[in-house]
Number of protein chains: 2
Amino acid sequence: MPVPISEEQSRQDRAALLDAAEELFYARGIQAVGMDEVRTASGLPLKRIYRFFAAKEDLVVAVLRRRDERWRGALTAHVERVAEPGERVLALFDWLAGWFGQPGFRGCAWVNAHGELGSSSEAVLAEVRSHKRAFHDRIAVWTRAAGLPGPDGIVLLAEGAIVTAGITGDPAPAHRAREAAAVLLAAHRDGGGATAA
Amino acid sequence: MPVPISEEQSRQDRAALLDAAEELFYARGIQAVGMDEVRTASGLPLKRIYRFFAAKEDLVVAVLRRRDERWRGALTAHVERVAEPGERVLALFDWLAGWFGQPGFRGCAWVNAHGELGSSSEAVLAEVRSHKRAFHDRIAVWTRAAGLPGPDGIVLLAEGAIVTAGITGDPAPAHRAREAAAVLLAAHRDGGGATAA
DNA sequence: TAAGATAGGGAACGACCGTTCTCAACGTCA
DNA sequence: TGACGTTGAGAACGGTCGTTCCCTATCTTA
């Protein structure tokens, strides 16, 4: 190829690189995937990969960040199609059920990255915490509209479902979490507020 | 040292090896810790380590298995000091709060191991699933006595609390999960059973 | 057409991995 | 006492990691 690379081409190559790395990292773990494998899967020369990202750690962070945008975007799009606030909270768990059923589902990419690199990479740790905070804050908007005193019960049910489905390979935890969430919603619609969640 | 090694000494050395490996693996991840580091921390020659466990994978499985016994034993001992069935379920979350507050707490060792090795080691995957099944089954005994229709709501709250506290470093999720669990218990004591959890 | 700049392909590098092997030192028994 | 067997300490091995470098091919510009 010639002298410079077009900006459009560069954008596509960067996306292909992130696609390849994300799929490999999620399926097999981050440390288990070497840069040579990322090169083969992306079709990009190693030199260009290292021009995009100076180190593997930077690539990992970029993968997590882009996945966060896509993941939360899809979640929000699904949930906010539902109008009634209580149903909207429950729709979160329907979306999770769909995710759990996808082939290759292997739990939460951020939880996995945290377990593997959270203690050795400050940048990865920060990215994981940022994602979890954003997830929590998004749910807080929905639970507030539904009259719940706080988002935490719903958040914990969702996190528990993700982790459990990831390990067992069974999407059922999404439905169990949805049932529990319905109880929380009903309890705060009807009567009690004493032992609130 | 002399010719054979006494059985008692062997037991102690094996325990020291598992102690050292568990602490290192939990703190820094499994792949990030080399066998040389396990050797230094345990004070055992590499040769003896490989006589105990033919491969690192076997050591990892043994560490997880022994941790499972100790972890579930401590949980059960704490919880079953409480007599009233509903309070007994809630005591689970008090125990979690104590665990989360310990220095070096970094989430669930089995979830972390699953994220790192679940897709590459069949033996680790089986050990992780076995632990989660045992945890689920233990909670089922307590929730049944408390009149809940199933253990899953409580299990998911507990799993969510562990994962969230591990990432944020804040023990508060244990208290939020306890509050949500109290709502689930109250809902099934008082009235509804329609949208059960 | 000739000179220059930049790209791709992949070898090369140093470090470290899990695992095996060598070897001297020591205690036991004939 | 002397041959034997087992140990501890760590060097060594083959492989792989993340990262860098070399070299040729290609396109642009004069």
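All values below come from the heavy atoms of this structure, side chains included, with hydrogens, waters and symmetry mates left out. By convention in this document, chain letters (A, B, ...) are assigned in the order of the sequence lines, proteins followed by strands, and residues within each chain are numbered from 1. From a predicted model like this one, the values you see are computed outputs, not experimental measurements.
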> Rounded to whole angstrom units, what separation is found between the CD atom of A:E37 and the C1' atom of D:dT16?
Replying inline: 12 Å
> Name the one of B:R81, B:R178, B:R88 that satisfies salt bridge (charged side-chain N to carboxylate O under 4.0 Å, His left out) with B:D94?
Replying inline: B:R178
>> In whole Å, I'd like the distance from the CD atom of B:Q31 to the C1' atom of C:dG18.
In response: 12 Å
>> Of the listed nucleotides (D:dC17, C:dG8, C:dA11), which one gets closest to any side-chain atom of A:L46?
In response: C:dA11
>> Categorize A:V38 for me: base, sugar-phosphate, or nothing, with a 4.0 angstrom heavy-atom threshold over every strand shown.
In response: nothing
>> Whole angstroms only, please: what is the CE-P distance between A:M35 and C:dG10?
In response: 17 Å
>> Without decimals, in angstroms, what is the distance between B:E57 CD and C:dT19 C1'?
In response: 14 Å
>> I'd like to know if the side chain of A:E57 pairs up with that of A:S121 as donor and acceptor (distance under 3.5 Å, no hydrogens or angles considered).
In response: yes
> What is the distance, rounded to the nearest whole Å, between atom NZ of A:K56 and atom P of D:dT20?
Replying inline: 15 Å
>> Using whole Å, what does the distance between atom C1' of nucleotide D:dT16 and atom CZ of A:R39 come to?
In response: 14 Å
> Using a cut-off of less than 4.0 Å, is there contact between a side-chain N or O of A:K47 and OP1 or OP2 of C:dG8?
Replying inline: no
>> Distance check needed: D:dT19 C1' versus A:D58 CG, whole Å only.
In response: 13 Å
> Hey, are B:D19 and B:R66 close enough for a salt bridge, meaning a charged N less than 4.0 Å from a carboxylate O?
Replying inline: yes
> So does B:R176 pair up with B:E179, basic N to acidic O under 4.0 Å?
Replying inline: yes
> Rounded to the nearest Å, what distance is computed from the OH atom of residue A:Y50 to the P atom of nucleotide C:dT6?
Replying inline: 23 Å
